[in-house]
Amino acid sequence: MTAAAAQSFPARPIRVVVPFPAGGSIDIVFRSISQRWSPLLGQPIVIDNRGGAGGALGAKLVAAANADGYSLLYGNAGPLAIGPHLTPGIGYDIFKDFAPVSQTTAAPFMIFASATLPVNNAQELIAYAKERPGQLNYASSGIGSGLHLMGELFKSVTRTNIVHVPFKGMGQAAPEIASGRVQLAVSTVPGVLPHVKAGRMKGIVSSGTRRSPQLPAVQTCKEAGVPGFCSMSFHALVAPAGTPKPVIARLYQTLAKSLSDPELRDQLMKGEDSEAIGGTPEELAKLLRSESAKWEKIIKTLGVKGE
């Protein structure tokens with residue numbers, strides 16, 4: 001890309017790969033953000049849902065794309081911190097193949113249960129699961145996803161035996177939990193909230209330090225007596241490595257401005273249980289390294305294997 005082209009960026013629509021199917025939390029959150037971000041960029045944002053392999057399929061697609069700012073990845077801990085430690089030869093390197101743009105949001109994970117399961121909080125779930133080792137199962141958005149690892153972390157800190165059932169995304173998993181065919185799920189709130197409001201699912205425990213505005217009756221990990229389950233999810237935007245700095249700057253500045261909008265911040269918190277961040281590329285680079293180190297340690301401790 002020439003210097004002049006970088007200065008006039010963007011001159012056409014931008015494709016943002018969301019590496020999970022439509023209808024999951026990450027997809028819902030980014031669609032809210034993109035509605036505010038697109039006018040500031042002056043171009044449409046085309047959301048390309050590419051689910052599979054815990055987010056790795058979409059990540060590989062962007063890692064191999066032209067470094068011109070027109071193909072971006074909106075990812076979370078699955079593809080951006082966990083996958084490379086869980087699956088050797090995953091096909092990309094977080095630090096060599098991507099250029100950080102911005103952390104957009106932070107949100108707690110939550111354990112959800114089918115309304116048919118006779119438990120209503122963490123201690124009831126732990127007792128119920130211990131009486132039925134290997135008989136309960138939990139859904140995640142795929143092997144190697146953050147939801148998978150949080151499920152394994154919950155099992156480890158509570159010493160329970162619950163079977164993992166991977167899906168391509170929570171949009172596909174939620175109906176199975178709502179029906180009772182799968183009893184439990186690890187998710188962030190937006191992807192399953194309609195099922196909770198309809199009485200088909202219920203929140204059991206949050207991994208956050210604050211209670212959810214949408215589900216204020218659900219205890220935090222510390223309140224529930226499982227502090228080892230405490231951890232936050234993050235969403236972030238990255239570009240292919242080698243993307244010109246003026247393009248990264250333009251993407252970051254417009255995205256951060258959109259995330260400073262009070263209406264959007266309020267919508268993300270009250271509607272989607274997500275705290276707007278809008279961090280700098282340098283801050284995201286530090287976050288990715290710290291998250292990578294954290295999840296590498298957890299994976300080794302738990303002995304979790306990828307596909």
Side-chain angles (χ1 to χ4, degrees), residues 25 54 76-78 81-82 85-86 105-166 170 173-174 177 182-193 195-196 201-234 273-275 290-291 293-304:
S25 295
N76 57 18
I82 294 170
H85 298 301
L86 202 61
T105 57
F109 299 95
M110 194 173 284
I111 301 283
F112 291 90
S114 170
T116 62
L117 200 69
V119 301
N120 294 294
N121 57 51
Q123 293 307 319
E124 289 180 4
L125 172 58
I126 293 165
Y128 190 83
K130 285 186 174 180
E131 291 172 358
R132 298 162 180 82
Q135 295 180 37
L136 297 182
N137 49 41
Y138 79 91
S140 81
S141 55
I143 293 173
S145 65
L147 307 186
H148 172 208
L149 266 292
M150 287 302 293
E152 294 304 304
L153 184 62
F154 181 80
K155 288 165 54 178
S156 175
V157 300
T158 61
R159 297 181 180 179
T160 51
N161 179 7
I162 305 172
V163 180
H164 177 223
V165 181
M170 287 312 298
I177 305 139
V182 177
Q183 294 91 17
L184 300 163
V186 184
S187 180
T188 46
V189 171
V192 299
L193 189 59
H195 294 282
V196 177
M201 293 172 62
K202 52 191 171 184
I204 299 297
V205 60
S206 168
S207 73
T209 57
R210 55 167 176 78
R211 292 202 180 195
S212 166
Q214 296 83 7
L215 303 171
V218 179
Q219 291 182 320
T220 67
C221 43
K222 289 185 179 180
E223 291 172 334
V226 284
F229 181 62
C230 296
S231 182
M232 293 291 283
S233 169
F234 72 89
D273 200 21
S274 298
E275 178 187 357
S290 65
E291 285 287 310
K294 178 185 85 172
W295 287 109
E296 181 182 22
K297 182 178 179 180
I298 290 173
I299 288 165
K300 288 181 178 178
T301 300
L302 298 180
V304 180

Check your understanding: Do other residues, nucleotides or ligands put more than 12 heavy atoms under 6.0 Å from K294 NZ?
Key -> yes
Exercise for review: Determine, stepwise, if the pair S212 / S206 fulfils side chain to side chain contact (heavy atoms under 4.5 Å, CB included).
Suggested key: CA-CA 8 Å; S212 166; S206 168; 5.9 Å; no
Revision key, fill the gap. Rounded to the nearest 0.5 angstrom, the CG-CE distance for L117 and M201 is 11.0 Å
Exercise for review: Would you indicate whether the side-chain heavy atoms of R210 and P108 approach each other to under 4.5 Å?
Suggested key: yes
Check your understanding: How far apart are the closest heavy atoms of P118 and E124, and which atoms are they?
Key -> O-OE1, 4.4 Å
Practice item. Check whether any side-chain heavy atom of N137 lies under 4.5 Å from a side-chain heavy atom of Q183, and answer yes or no. Key: yes
**Study point:** Heavy-atom pair with the smallest gap, counting every atom of S231 and F109
**Key:** O-CD1, 3.6 Å
Review point. Using the ring of each side chain (for Trp, its six-membered ring), is F154 parallel, tilted or perpendicular to F229, with breaks at 30° and 60°?
Key: perpendicular
**Study point:** K130 side-chain N/O to R159 backbone N/O, donor-acceptor pair under 3.5 Å
**Key:** no
Exercise for review: Decide side chain to side chain contact (heavy atoms under 4.5 Å, CB included) for L215 and L193; before the verdict, give the C-alpha distance in whole Å, the side-chain angles of both, and the deciding distance to 0.1 Å.
Suggested key: CA-CA 9 Å; L215 303 171; L193 189 59; 4.2 Å; yes
Practice item. Could you pull out the closest heavy-atom pair between C221 and S207, with the gap in Å? Key: SG-O, 3.5 Å
Study note, to complete from the structure: In this structure, CD1 of I162 is separated from CZ of R132 (nearest 0.5 Å) by 12.0 Å
Practice item. Locate the shortest heavy-atom distance separating V186 from M170; write the atom from each residue and the value. Key: O-SD, 3.8 Å
Check your understanding: Strictly by modelled atom types, are T188 and S25 linked by a side-chain donor-acceptor pair under 3.5 Å?
Key -> yes
Check your understanding: Is it true that a side-chain atom of N121 and a backbone atom of V205 form a donor plus acceptor pair closer than 3.5 Å?
Key -> no
Check your understanding: Is a side-chain donor or acceptor of S187 paired with a backbone partner of V189 at a separation under 3.5 angstrom?
Key -> no
Practice item. Specify the closest pair of heavy atoms between A174 and G191, including all atoms of both residues, with the distance to one decimal. Key: CB-O, 4.4 Å
Review point. Could you go step by step and tell me if L125 and L136 meet the side chain to side chain contact (heavy atoms under 4.5 Å, CB included) rule?
Key: CA-CA 10 Å; L125 172 58; L136 297 182; 4.2 Å; yes
Check your understanding: Counting only N and O atoms by type, is there a donor-acceptor contact under 3.5 Å from the side chain of S114 to the main-chain atoms of I177?
Key -> yes
Exercise for review: Can you measure from CG (L302) to CG (L153) and round to the nearest 0.5 angstrom?
Suggested key: 6.0 Å
Exercise for review: Please answer whether the main-chain N or O of Q219 pairs with a side-chain N or O of E223 as donor and acceptor at a distance below 3.5 Å.
Suggested key: no
Practice item. Report yes or no: does Y138 contribute a side-chain atom to a donor-acceptor pair with the main-chain N or O of H148 at less than 3.5 Å? Key: yes
Review point. Can you tell me how far the CD1 atom of I82 sits from the CG atom of L149, to the nearest 0.5 Å?
Key: 4.0 Å
Review point. So, Q135 and Y128: side-chain donor and acceptor under 3.5 Å apart, yes or no?
Key: no
**Study point:** Inter-residue atom distance T105.OG1 - N76.CG, 0.5 Å rounding
**Key:** 9.5 Å
Practice item. Quick one: closest heavy-atom pair of T220 and T209, and the distance? Key: CG2-C, 4.0 Å
Review point. Is there a donor-acceptor pair under 3.5 Å between the side chain of K222 and the backbone N or O of C230?
Key: no
